[in-house]
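The structure appears right after this line, and notes come after that.
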Amino acid sequence: MERKKYCLVGTGGRAGMYVTAIAKTYRDRAELVGLCDVNQARMDFYLKYYLPELCDYHQPVPTWKAHEFDRMIAEARPDAVIVTSVDRTHHRYICRALELGCEVITEKPMTIDAEKCQQILDTVKRTGGKLTVTFNYRYAPRNAKVREVLQSGLVGEITTVHFEWLLDTSHGADYFRRWHRNKANSGGLLVHKATHHFDLMNWWLDSSPELVYALGDLKFYGRANAERRGVTEFYDRARDNAVAARDPFALKITDRDVILKGLYYDAEHEDGYYRDRSVFADSIDIEDNMSVIVRYRNRAVMTYCLHAHAPWEGYRVAFNGTRGRLEFNVVEKSYVSGGAEDFNQPGMRELGKDRSQLVPELIFQPHWGTAREIPIVCDNLAGHGGGDERLLRHLFVGVDEDPLGQAAGYRDGANSILTGIAANQSMRTGLPVRVDSLVKEY
């Protein structure tokens with residue numbers, strides 16, 4: 001079998017999943033032929049540690065700096081480009097790779113604002129290229145079960161939905177330490193993070209957003225909020241800082257954190273990017289509490305809440321239909337201890353041994369009947385509820401059938417971000433926003 005050739009642009013932490021898939025899990029059908037980043041030290045870490053140590057992959061992989069992207073495509077001649085760079089740059093690499101004749105796989109969000117979304121839509125139309133957006137939550141068995149139940153008609157026509165997503169004081173706080181803390185980079189959490197959630201809802205309802213109204217604010221993180229709570233000691237970054245050593249919100253990277261140290265501490269001399277900024281800084285301009293109302297084209301209405309400083313992490317969804325009510329409850333992490341070992345660890349650690357705390361609930365209550373629980377086959381200890389593994393297999397192996405429509409293309413990518421983009425506009429203006437006003441030919 002001839003192996004498909006891939007280049008990857010953006011070698012931060014998110015790239016690791018794809019590098020591992022190409023260089024280890026699916027090496028019989030995939031070949032990594034190039035890395036591209038603004039930071040050579042990060043690319044060198046993948047070459048010198050990640051690939052040989054974690055993947056047992058010893059083939060030479062050339063690297064190019066970001067401004068050499070066109071040269072990389074010409075010299076490496078990849079079949080596909082995987083985009084895992086900072087969100088604000090996604091459109092640049094997506095569009096150029098399509099123009100140069102490559103397939104593109106991009107991390108969510110597809111991009112961060114309406115102008116860049118329009119550029120991608122126009123480029124796909126003009127080139128006829130293939131663009132895949134990696135919505136791994138679609139592939140988690142627990143979320144797929146919800147889609148299956150709704151498709152069956154058990155709940156009837158969905159009239160309203162309430163969707164609450166909680167980010168805890170470990171995971172949620174991390175968005176306020178990194179580049180995500182600025183809307184110019186990420187579009188805020190309603191684009192960067194909630195694109196997952198809005199895509200799930202589009203997929204579950206088999207519809208797309210029509211009208212959006214939102215309210216949101218920075219109420220917990222940021223210096224002004226900390227000062228109101230009586231905090232008097234502040235710092236810029238955690239490394240070698242005595243104040244940060246006493247702060248349970250600080251990210252404390254040690255020599256044992258090989259990947260974080262290699263990708264960030266040992267690479268910051270090149271671009272000045274600090275991975276361990278304080279969550280209580282003046283420069284944060286994204287919201288940490290957001291509420292959104294969305295009307296869909298099928299006339300269903302969703303109320304959505306995203307909260308980024310909760311004591312536990314997970315989500316609750318309630319679908320009200322013409323035949324009853326479906327409730328879906330997922331705990332991804334039941335508490336945060338406040339110890340440094342909690343930060344940036346996927347899923348459960350100590351609590352992972354007790355699976356009973358992780359089993360999601362899916363409950364259907366019919367009109368004029370008793371409630372019953374619908375069993376779910378789940379894999380909560382794997383990445384994104386088991387979604388990562390299944391997504392990667394779909395990307396690198398393919399599937400014969402896709403009855404639930406889990407594969408997501410550029411229109412799915414647009415539908416998910418346009419909800420968040422409309423919500424951002426609504427928060428700025430105080431007015432509802434029609435999604436079709438944001439881009440042409442929507």
Side-chain angles (χ1 to χ4, degrees), residues 108-110 114 117-118 121 124 133 135 137-140 142-165 190-191 193-215 290-306 315-330 362-367 374 402-426 431-442:
K108 62 81 194 166
M110 190 172 77
C117 181
Q118 185 70 64
L121 295 177
V124 172
V133 184
F135 289 120
Y137 265 109
R138 288 187 178 201
Y139 290 83
R142 63 197 185 203
N143 297 330
K145 187 64 177 180
V146 174
R147 165 83 164 176
E148 181 184 322
V149 170
L150 293 174
Q151 271 191 339
S152 74
L154 179 69
V155 192
E157 180 185 346
I158 303 303
T159 57
T160 60
V161 184
H162 180 66
F163 193 172
E164 179 184 33
W165 200 290
L190 285 175
V191 173
K193 184 62 181 175
T195 187
H196 265 319
H197 317 154
F198 297 144
D199 175 68
L200 278 176
M201 193 54 59
N202 295 339
W203 183 58
W204 281 334
L205 295 178
D206 195 21
S207 191
S208 56
E210 181 180 63
L211 187 71
V212 177
Y213 177 74
L215 295 169
M290 294 137 279
S291 296
V292 184
I293 299 175
V294 183
R295 187 177 71 206
Y296 292 85
R297 292 179 181 272
N298 66 358
R299 312 307 289 173
V301 173
M302 175 184 71
T303 57
Y304 169 85
C305 178
L306 177 60
Y315 51 104
R316 292 173 172 161
V317 193
F319 300 88
N320 297 304
T322 55
R323 294 181 178 175
R325 176 179 171 93
L326 185 69
E327 297 181 0
F328 183 40
N329 303 307
V330 178
L362 186 60
I363 301 168
F364 175 60
Q365 171 112 33
H367 291 156
I374 298 173
D402 185 17
L404 297 179
Q406 289 170 308
Y410 73 99
R411 291 192 179 278
D412 302 298
N415 281 331
S416 68
I417 58 171
L418 287 171
T419 308
I421 292 168
N424 279 336
Q425 181 173 315
S426 180
L431 300 171
V433 176
R434 292 193 62 86
V435 176
D436 61 9
S437 72
L438 299 174
V439 294
K440 295 180 296 183
E441 300 182 26
Y442 174 72

*Is a side-chain donor or acceptor of Q118 paired with a backbone partner of K440 at a separation under 3.5 angstrom?*
yes
_Worked verdict on V124 versus R411 for side-chain contact (heavy atoms from CB on, under 4.5 Å)_ = CA-CA 10 Å; V124 172; R411 291 192 179 278; over 6 Å; no
*To the nearest 0.5 Å, how far apart are CG in N424 and CG in L438?*
10.5 Å
*Give the minimum heavy-atom separation between D206 and R147, together with the two atoms involved.*
CB-NH1, 4.0 Å
*Mind listing the closest non-hydrogen atom pair of V155 and F319 along with its distance?*
CG1-O, 4.2 Å
*Evaluate the side-chain contact (heavy atoms from CB on, under 4.5 Å) criterion for residues F328 and K145: first the C-alpha distance (whole Å), next the side-chain angles of each, then the deciding distance (0.1 Å), finally the verdict.*
CA-CA 10 Å; F328 183 40; K145 187 64 177 180; over 6 Å; no
*Evaluate the side-chain proximity of D412 to V133: yes if any heavy-atom separation is below 4.5 Å, no if none is.*
no
_Rounded distance (nearest 0.5 Å) linking atom CZ of R323 with atom CD1 of I158_ = 10.5 Å
*Distance in Å, Y213 OH paired with L431 CG, rounded so as to fall on 0.5 Å steps*: 8.0 Å
*Would a distance-only check, ignoring hydrogens and angles, find a side-chain to backbone donor-acceptor pair under 3.5 Å from D199 to S416?*
no
*Classify the side-chain pair H197/Y304 by whether it contains a donor and acceptor separated by less than 3.5 Å.*
yes
*asked:* If I compare all heavy atoms of V433 with all of S426, which pair ends up nearest, and what's the gap?
replied: CG2-N, 3.8 Å
_Atom CD of E157 with >12 non-hydrogen neighbours under 6.0 angstrom_ = no
*How about L200 and F135: do any of their side-chain heavy atoms sit closer than 4.5 Å?*
no
*What orientation do W204 and F163 show, parallel under 30°, tilted 30 to 60°, or perpendicular over 60°?*
tilted
*Exam field: side chain T303 to backbone I293, donor-acceptor pair closer than 3.5 Å*: no
*Would T159 and N320 count as having a side-chain donor-acceptor pair, cut-off 3.5 Å?*
no
*Looking at OG1 of T195 and OH of Y137, how far apart are the two atoms once the value is rounded to the nearest 0.5 Å?*
12.5 Å
*asked:* Using modelled atom types and a 3.5 Å cut-off, is there a donor and acceptor pairing between side-chain atoms of S291 and backbone atoms of L215?
replied: no
_Closest heavy-atom pair and its distance - A422, V435_ = CB-CG2, 4.4 Å
*asked:* Please give me the minimum heavy-atom distance between Y296 and M302, naming the atom from each residue.
replied: OH-CE, 3.3 Å
*Could E327 and R316 be called an ion pair, given the rule that one side-chain N must be under 4.0 Å from one carboxylate O?*
no
*S207 versus N298, closest heavy-atom pair with distance*: OG-N, 3.2 Å
